[in-house]
Amino acid sequence: MTAAEVLAHIEPIRHEYAEARSLILPALKYAQTEKGHLTREDIEAVAEATGFSAAYCESVASFYDRLYLEPTGQRVVSVCVTLSCMLRGSDELMERICDRAGVSHHGGTSEDGMITVQEAQCLGYCDHAPAVQVDAEQTRGPLSLDEADALVDELRTSPRPDQLWR
Amino acid sequence: MPIKNVVYRQREAGQVLTDLSDYRRAGGYEALRKALTEMDRDEAVYAFVRSGLRGRGGAGFPMGRKASFIPKDSVLPAYVVCNADESEPGTFKDRELMETNPFQLLEGITLAGYAIGAVRGYIYIRGEYEHQARILDAAIAQARTAGFLGQGVAGSGFDFDITLYRGAGAYICGEETALLESLEGKRGQPRLKPPFPAVAGLYASPTLINNVETLSTLPAIIEHGADWYAAMGTEKSTGTKLFSISGHVMKPGNYEIVLHDTTLRELVYDIAGGFRPGREFAAAWVGGSSVNVLGPEALDTPLDYESMAEAGSSLGSAGCIVMDDSGSIVRSTLRLAQFYRHESCGKCTPCREGTLWLERILQRIVDGEGRMEDLELIESLAGRMVGRVLCALADTGVLPVTSAVRRFRDDFVHAIENGGVPRPEPMMEVPVGG
Ligand SMILES: Cc1cc2nc3c(=O)[nH]c(=O)nc-3n(C[C@H](O)[C@H](O)[C@H](O)COP(=O)(O)O)c2cc1C
Ligand code: SF4
Ligand code: FES
């Protein structure tokens, strides 16, 4: 993403914050919507748009689980593995999703680059355990093992959204 | 059923209140009108104090007292910050509020802002709640258009607006000072306290930080009166409380109950539907996961702050995770230890290293490589973490581990002597209740 695009996103909200530093996280999140992760150029665009150094912006980004500094698949599937979901089968679900996506049981990105599977900590959907989130947009559960297969297949074939909010 | 929907007005109304006109038909913004026209700021703070409302984010600190700590003579602007990070395991009550009743939160933040003389409110929402964030975005836009936010709120002389701020996946950003760091565009690591946020919070300005549920309770207190609110519950546990219940129960979900009126047994069996046939209660983490785990002897404890403390645990966020006798306490404890290891922000060595070691020791017990000395090692390790760290992540994160080793020692001994714990069959077949 370019600095101009990032600037167009943060300029309308600049007055809401007493210090411009607060714009870094919104800028990083927005810059990530294009590719699903933050490239060197994205970090530099955020730095230019916010007026902070690229090194600083990167150090902020590296703190947060949902900002990705390495390439991800087109869609990121986060499988909650925290206690309520574990009691309702999240370990089995994680393994099944990994198998279907063709990645190791620890998660990872499928060879075709379509899907990244990762473990997540409590998603706040424990009443829907075992719960799974696709990017940050869609949370589903309780998911049976067959539904998990269907989800992976669906993500493989459905078009990528215009923006990737993760 | 002892359900009483005071905060969950959407349930009382029988419909989602994501449209301002529906919220107003359900009585919405009456409290704000009343405060702006009939009460001065001190009277509003005094109402919060008299209501006895305690913070619903976990620590249970009296909300009105916190509001009264905001200095009146500060040259810096004051802020209200709403903690919508909701990441405590087992807790999903705020999600329902934001999803189905967002204006009540906006009204509550505005009331708090009026009471402390704030210029702006911020809602810090966890990044994983993107769906809820969009609902809040739309609600904020509607409230602005209708004049409930902006210059001269509802025709008064009070200027106030609300900004929604999205987090990006970090449990620690629920800790109030880490949240402020994150909101200031930094890595979300806790600050040394004091100074407390009431004196020097966001941008070093006086800042009132409260949980979504806490703030969403304020409209009812103003509208019906502090005495009406305080008449529910006990002297130290007033009002109603939202409970999230999950795990092995048949009807997981959110339920609002009057504090002290219901026991843990009633919550688990009558409200949440109990267990599958042939299964029995084994353990519960009643206040989210950062608490002492309780066994069957605690079932008749009334659900309120004092009684939970007497029973040796804490009401916390009231995210009640329940396990039946098909589960393994040793594996469940390991899973929680993994959570705290993953979420430690790494600033303090005892927490960064200690959470890692707790996980490793529990892992080897589960894997059948544990030794009897490991149980003492867990105790001494936890003892060397508590009180030597900056925030409650470590102080309370060790509780589910040490309490499990003490309360369910036989299970740990059994695992050590019998080659670990196999993965139990999970409960998968039961649909969503609530
Ligand atoms: C590690 C940690 C995580 C926390 N997470 C949350 C959270 O997700 N939501 C919340 O409201 N409070 C959370 N808290 C409590 C806050 O620090 C703070 O006490 C609370 O927001 C105050 O609001 P209240 O008085 O209305 O409860 C957390 C505390 C700690 C130590
Ligand atoms: S106790 Fe843990 S989470 Fe809290 S500040 Fe220290 S390292 Fe970070
Ligand atoms: S434990 Fe999985 S959503 Fe809460």
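Lettering of chains follows the sequences in order, A, B, ..., and the numbering in each one begins at 1. Just so you know, these numbers use all the heavy atoms, side chains as well, and skip hydrogens, waters and symmetry mates.
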Close side-chain approach of Val81(A) to Gln338(B), heavy-atom, < 4.5 Å: no
Between Met428(B) and Leu143(A), what is the shortest heavy-atom contact and its length? CE-O, 4.0 Å
Min side-chain heavy-atom separation Tyr129(B)-Leu123(A) under 4.5 Å: no
Using a cut-off of 6.0 Å, state whether more than 12 heavy atoms not belonging to His15(A) lie near its atom NE2. yes
Looking at every non-hydrogen atom in both residues, tell me the closest pair between Ala168(B) and Leu67(A) and how far apart they are. CB-CG, 4.1 Å
Portion of Tyr17(A) that has a non-hydrogen atom of chain B nearer than 4.5 angstrom: both
Quick check: do Arg166(B) and Tyr30(A) have side-chain heavy atoms less than 4.5 Å from each other? no
Against chain B, label Gln133(A) side chain, backbone, both or neither, depending on which of its atoms sit under 4.5 Å from a heavy atom there. side chain
Do Pro89(B) and Leu83(A) have side chains that approach each other closer than 4.5 Å (heavy atoms only, starting at C-beta)? no
Any side-chain heavy-atom pair of Gln121(A) and Ser87(B) under 4.5 Å: no
Partner chain A: residue of Lys93(B), Arg134(B), Glu88(B) with the largest heavy-atom pair count (under 4.5 Å): Arg134(B)
Side-chain contact, heavy-atom cut-off 4.5 Å: His131(B) with Glu137(A)? no
Using a distance-only test with no angle check, is there a side-chain donor-acceptor pair under 3.5 angstrom linking Ser22(A) and Tyr203(B)? yes
Side chains of Tyr64(A) and Ser182(B): is there a donor and an acceptor less than 3.5 Å apart? yes
If one checks every heavy atom of Ile24(A) against chain B at 4.5 Å, the contacting part turns out to be side chain
Using non-hydrogen atoms and a 4.5 Å limit, figure out which bit of Leu28(A) sits close to chain B: side chain, backbone, both or neither. neither
Counting only N and O atoms by type, is there a donor-acceptor contact under 3.5 Å from the side chain of Arg95(B) to the main-chain atoms of Gly124(A)? yes
Does this structure show an ion pair linking Glu130(B) with Arg166(A), if we count only N-O contacts that are shorter than 4.0 Å? no
Check whether any side-chain heavy atom of Ile172(B) lies under 4.5 Å from a side-chain heavy atom of Phe63(A), and answer yes or no. yes
Heavy-atom closest pair (Arg335(B) atom, Ser90(A) atom, distance to 0.1 Å) is NH1-OG, 4.3 Å
Whether the side chain of Arg88(A) engages the backbone of Gly247(B) through a donor-acceptor N/O pair (distance < 3.5 Å, no angle test) should be reported. yes
For Arg187(B) and Ser62(A), does a side-chain donor sit closer than 3.5 Å to a side-chain acceptor? yes
Among Gln32(A), Lys29(A), Gln138(A), residue most engaged with chain B (heavy-atom pairs, under 4.5 Å): Lys29(A)
I want to check something: taking the side chain as every heavy atom from C-beta on, are Val322(B) and Leu87(A) in contact at a cut-off of under 4.5 Å? no
Cut-off 4.5 Å, heavy atoms of chain B, and the answer for Asp91(A) is both
